[in-house]
Amino acid sequence: MAQAENSYYVPHGSHWPIFGSVAVCTLLVGMANYLNGTSWGGNMALVGFGLLVIMLFGWFGTVVKESRAGLYNTQVDVSFRWGMFWFIFSEVMFFAAFFGALFYARNYSLPWLSGEGSGAMTNMFLYEGFEASWPSAANGPGNVGGEYKPMGAWGLPAINTALLLSSGVTLTWAHHALKAGHRAQLIIGLFLTVALGAIFMACQVLEYKEAYEHYGLTLGSGIYGTTFFMLTGFHGFHVTIGAIILAVILFRCMSGHFSSDNHFGFEAAAWYWHFVDVVWLGLFVFVYLV
Amino acid sequence: MSTVAAGDHHDHPESPYSIKRWLFTTNHKDIGTLYLWFSFIMFLIGGVMALVIRTELFQPGLQFVDPQFFNSMTTMHAIMMIFGVVMPAFTGLANWLIPMMIGAPDMALPRMNNWSFWILPFAFAMMLSTLFMDGGGPAGGWTLYPPLTLQTGDALPFVILSMHFMGLSSIMGAINVVATVLNMRAPGMTLMKMPLFVWTWLITAYLLIAVMPVLAGGITMLLTDKYFGTSFFNAAGGGDPVMFQHIFWFFGHPEVYILILPSFGVVSSIIPTFARKPLFGYASMVYATGAIAFLSFIVWAHHMFTVGMPLAGELFFMFATMLIAVPTGVKVFNWIATMWRGSMTFETPMLFALGFIVMFSIGGFSGLMLALAPVDFQYHDTYFVVAHFHYVLVPGSIFAIIAAVYYWLPKWCGNMYSEGLGKTHFWLSTIFVNLTFFPMHFVGLAGMPRRIPDYALQFSDYNMMATIGAFGFGLSQLLFLVLVIKAIRSGNKATSQVWEDAEGLEWTLPSPAPYHSFSTPPAIK
């Protein structure tokens with residue numbers, strides 16, 4: 001490579017970013033048209049999504065190739081670390097918005113609608129007799145979405161907590177194995193992590209099915225259903241992404257891409273997975289438990 | 001310094017007329033240039049929208065546009081100017097300057113840098129296309145408050161998804177700045193030796209990463225409320241429309257500091273050069289910037305004093321807001337102290353920087369007035385608010401961006417601009433900007449509401465002045481365009497130092513700065 005020994009690697013021009021812009025733009029315009037009720041919007045979004053997948057393969061593939069070619073020195077590695085760290089921080093803030101909505105609804109809007117504090121007049125004139133109680137009657141004075149049964153903490157959610165916590169353990173085990181150079185343990189540990197993630201998602205699907213079919217609990221069940229499904233839904237989406245990332249890392253481990261002292265790809269995936277884990281603990285406490 | 005990388009074939013840029021160069025570039029200078037030109041184009045588009053607004057308001061009565069279109073002009077003008085002009089312009093400056101200022105070969109993540117820029121034309125094409133849709137563009141104000149915004153027609157999902165797209169660009173750009181500043185400094189460039197522009201951008205980037213995702217969350221809630229039956233902002237379902245305002249302004253208030261902090265950095269670079277004295281109170285400038293950033297997270301509800309918050313909330317947000325005057329006062333004091341007994345000259349960048357200090361302070365003072373909850377009940381949603389935030393954004397942020405362009409343009413293109421035209425540009429801009437926005441204080445205090453296409457007869461004179469000022473200001477900016485193009489094409493050659501007393505690593509490079517600079521880190525004293 002023309003790059004001077006040990007200098008910071010600045011890549012040549014790349015067509016992946018502009019390809020990614022076209023892909024995401026197609027995806028978003030498709031989604032917007034789908035929401036506006038056109039017949040072709042959904043298909044356009046799918047095309048955009050397909051292009052996005054191609055872009056991700058291409059872009060990350062280039063990065064993997066460059067990394068394998070030894071173009072990245074320690075300083076580049078540190079840039080990736082800061083990049084991943086701040087990306088995860090941005091994700092934390094995204095979830096913070098939804099947790100904020102949950103706390104606001106529980107501590108302010110529902111009590112005010114029930115006539116507490118400055119809400120006395122609202123309650124008297126608009127919603128006379130309405131009294132909210134979280135979680136069982138938290139779909140507002142309009143009883144939006146009808147009667148529902150809230151999701152308890154000690155069934156599937158508790159199992160899911162155990163699943164995710166153990167996946168954190170298996171992942172750490174795999175990381176230790178990677179550092180110690182035990183390939184078999186690394187691959188088993190990583191495989192178990194992905195499997196636990198997949199089982200978690202399966203349980204999540206069961207739980208949603210249960211909610212819709214037997215609990216009368218839907219996304220439209222007032223603020224309770226809204227916060228329940230939006231928080232657990234976005235979390236589930238992140239678990240899915242995390243599991244896909246870990247699966248890719250598993251394949252890379254099997255192809256021997258990582259060494260005991262140089263494996264940031266693995267660590268980035270692990271950071272992401274632990275972040276998803278921590279969000280779940282927040283969910284378990286604030287959505288299911290209290 | 002490029003001897004190490006000699007023979008590197010990417011040392012030579014492709015021809016500037018090659019479209020591939022601009023589409024695929026990973027060079028921080030190319031990307032900075034793209035950002036700055038994009039910002040200028042958006043400035044013209046957003047400016048035309050402002051002129052539509054001012055044309056309608058020239059006289060009382062409805063004469064040119066219908067009220068719905070008027071409202072979508074105010075909404076779009078704000079979105080264009082905030083997300084399309086000020087933020088990209090600062091990111092462009094960051095791209096051009098930060099690597100040169102800290103002695104880095106490029107930004108930390110060059111490919112992602114390209115994507116941060118190339119998202120913008122797509123996202124803004126999406127946003128602008130909504131003006132031609134059924135039901136017109138978004139007309140509920142840039143703050144997108146429900147339930148009004150949920151009445152938008154076909155445009156709504158385009159508006160929301162394009163804002164997600166812009167947010168993606170901002171977050172990636174900000175992550176790049178943080179990674180660059182934390183990881184790419186030349187050996188010896190400790191944090192407390194960094195130029196203030198780098199410091200203010202580091203803190204701005206942190207704010208961006210912290211609050212853009214919150215906006216993403218808030219507008220996602222709007223989308224699900226409208227299309228998927230959720231009840232976030234629906235009182236009947238136990239939600240609350242006011243909750244949107246809390247989420248929005250938790251983003252929105254740090255956002256207004258995102259729009260101003262890099263200006264502080266620019267002014268802190270320019271004043272010492274033309275006063276020929278080092279910046280007074282460097283460390284206190286850094287701490288003041290940090291304090292402003294911290295406070296920005298705990299003042300958001302001062303945008304909502306009249307919404308019906310509990311008294312304790314009104315008081316907390318009032319006092320917290322007034323605290324911001326302290327670190328801001330430190331900054332203004334330090335700029336003035338820097339000039340105190342300095343050996344001053346008044347080249348164009350200095351004029352714009354001085355204009356910034358004076359007029360930004362006017363905006364700061366009207367901000368203090370608005371911070372007082374009891375009196376805000378009178379000013380709220382009047383033209384007084386419009387006057388306030390235009391004073392901090394136009395002769396504030398925009399003047400700082402223009403000052404930065406004058407100051408660093410010789411370094412970018414290797415030629416000096418025409419000082420005579422520059423000074424003309426400054427005086428025309430300053431006169432017209434005040435003619436536009438100063439009368440708005442008076443009509444606002446007298447009770448003229450914002451976002452209304454018609455008004456009572458007694459406000460006519462001041463509105464007429466404001467409209468004349470707006471056209472004057474808009475036309476003056478064409479002079480700026482001519483001047484910049486002239487400087488790029490011809491003009492006296494600039495030296496590498498450019499300004500007699502300029503300090504900083506960027507002035508050690510030749511003018512124009514080579515395509516790749518600091519491939520080997522410079523030595524820092």
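Quick note on labels: first sequence line is chain A, next is B, and so on, each numbered from 1.
With a 4.5 Å cut-off on non-hydrogen atoms, Phe87(A) touches chain B through its backbone and its side chain both. Within the 4.5 angstrom heavy-atom criterion, only side-chain atoms of His246(B), from C-beta onward, approach chain A. With a threshold of 4.5 angstrom between heavy atoms, Met126(B) approaches chain A through side-chain atoms but not through N, CA, C or O. Looking at Leu208(B), neither its backbone nor its side chain comes within 4.5 Å of chain A, counting heavy atoms on both sides. For Met184(B), the parts lying under 4.5 angstrom from a heavy atom of chain A are both the backbone and the side chain. Both the backbone and the side chain of Val22(A) come within contact range of chain B, each with at least one heavy atom under 4.5 Å from a heavy atom of that chain. Looking at Phe250(B), the atoms closer than 4.5 Å to chain A (heavy atoms on both sides) all sit in the side chain, from C-beta outward. Within the 4.5 angstrom heavy-atom criterion, only side-chain atoms of Val178(B), from C-beta onward, approach chain A. With a 4.5 Å cut-off on non-hydrogen atoms, Met55(A) touches chain B through its side chain but not through its backbone.
When every heavy atom of Ser231(B) is checked against every heavy atom of Gly222(A), the shortest pair comes out as OG-CA, 3.5 Å. When every heavy atom of Tyr8(A) is checked against every heavy atom of Met107(B), the shortest pair comes out as CE2-O, 4.3 Å. Heavy atoms only, all atoms of each residue included: Ser14(A) and Thr26(B) are closest at N-CG2, 4.3 Å. Closest of all the heavy-atom pairs between Ala108(B) and Ser79(A) is CB-OG, 3.4 Å. Across every non-hydrogen atom of Leu110(A) and Gly238(B), the tightest pair is CD2-CA, 3.7 Å. Residues Asn183(B) and Trp82(A) share a closest heavy-atom pair of CB-CD1, 4.0 Å.
Counting only heavy atoms from C-beta outward, the side chains of Pro105(B) and Tyr9(A) never approach each other to under 4.5 Å. Put simply, the side chain of Leu182(B) reaches to within 4.5 Å of the side chain of Trp86(A), judged on heavy atoms. Side chains of Ile175(B) and Phe89(A) form no contact here, defined as non-hydrogen atoms less than 4.5 Å apart. Contact annotation: the side chain of Ile119(B) never approaches that of Val24(A) to less than 4.5 Å [non-hydrogen atoms, C-beta and beyond]. Contact check for Met230(A) versus Phe232(B): side-chain heavy atoms found under the 4.5 Å cut-off.
Every residue was checked against the side-chain contact (heavy atoms from CB on, under 4.5 Å) condition with Val278(A), not counting sequence neighbours, and none meets it.
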_I'd like to know whether Met31(A) forms a side-chain contact (heavy atoms from CB on, under 4.5 Å) with Leu161(B), so could you lay out the CA-CA distance, the side-chain angles of the two residues, the decisive distance to 0.1 Å, and finally the verdict._
CA-CA 9 Å; Met31(A) 278 165 71; Leu161(B) 294 174; 3.8 Å; yes
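The CH2 atom of Trp118(B) sits 13.0 Å away from the SG atom of Cys25(A) when rounded to the nearest 0.5 Å. Separation of atoms OG1 (Thr62(A)) and CZ (Arg111(B)) is listed at 6.0 Å; rounding is to 0.5 Å. Atoms CG and CZ, from Leu219(A) and Phe228(B) in turn, are 8.5 Å apart once rounded to the nearest 0.5 Å. The distance from atom CE of Met221(B) to atom OG1 of Thr226(A), rounded to the nearest 0.5 Å, is 10.0 Å. In this structure, OG1 in Thr230(B) is found 7.5 Å from CD1 in Ile223(A), a value given to the nearest 0.5 Å.
Of the listed residues Thr220(B), Val211(B), Asp30(B), Asn234(B), the one with more heavy-atom pairs under 4.5 angstrom with chain A than any other is Thr220(B). Comparing Asn27(B), Thr25(B), Leu109(B) by heavy-atom pairs within less than 4.5 Å of chain A, the highest count is held by Leu109(B). Considering only heavy-atom pairs separated by less than 4.5 Å from chain B, the leading option among Asn143(A), Thr227(A), Asn36(A) is Asn36(A). Interface check for chain A: of the options Thr224(B), Asn176(B), Ile247(B), Ile171(B), the most heavy-atom pairs under 4.5 Å are formed by Thr224(B). Ranked by heavy-atom pairs shorter than 4.5 Å toward chain A, the options Gly218(B), Ala210(B), Ala216(B) are led by Ala210(B).
Of the possible donor and acceptor atoms, none in the side chain of Ser90(A) sits under 3.5 Å from a partner among the backbone N and O of Pro213(B). A donor-acceptor contact shorter than 3.5 Å is absent between the side chain of Tyr127(A) and the backbone of Ala235(B).
The contact list for residues 113-125 of chain A toward chain B, using heavy atoms and a distance under 4.5 Å, reads Leu113(A) by residue number. For residues 151-160 of chain B, the interface with chain A (any heavy-atom pair closer than 4.5 Å) comprises Asp154(B), Pro157(B), Phe158(B), sorted by residue number. Of residues 95-104 of chain A, those residues with a non-hydrogen atom less than 4.5 Å from any non-hydrogen atom of chain B are, in numerical order, Ala97(A), Phe98(A), Ala101(A), Tyr104(A).
Other residues, nucleotides and ligands place more than 12 heavy atoms under 6.0 Å from the CZ atom of Phe124(B). The number of heavy atoms from other shown groups lying within 6.0 Å of CZ (Phe237(A)) does not exceed 12. In Glu128(A), the CD atom is not crowded: 12 or fewer heavy atoms of neighbouring residues, nucleotides or ligands sit closer than 6.0 Å.
Screening Ile18(A), Val29(A), Leu28(A) for a side chain to side chain contact (heavy atoms under 4.5 Å, CB included) with Phe122(B), the sole residue that qualifies is Ile18(A).
Taking the six-membered ring for Trp and the full ring otherwise, Trp16(A) and Trp115(B) have centroids separated by 6.0 Å or more.
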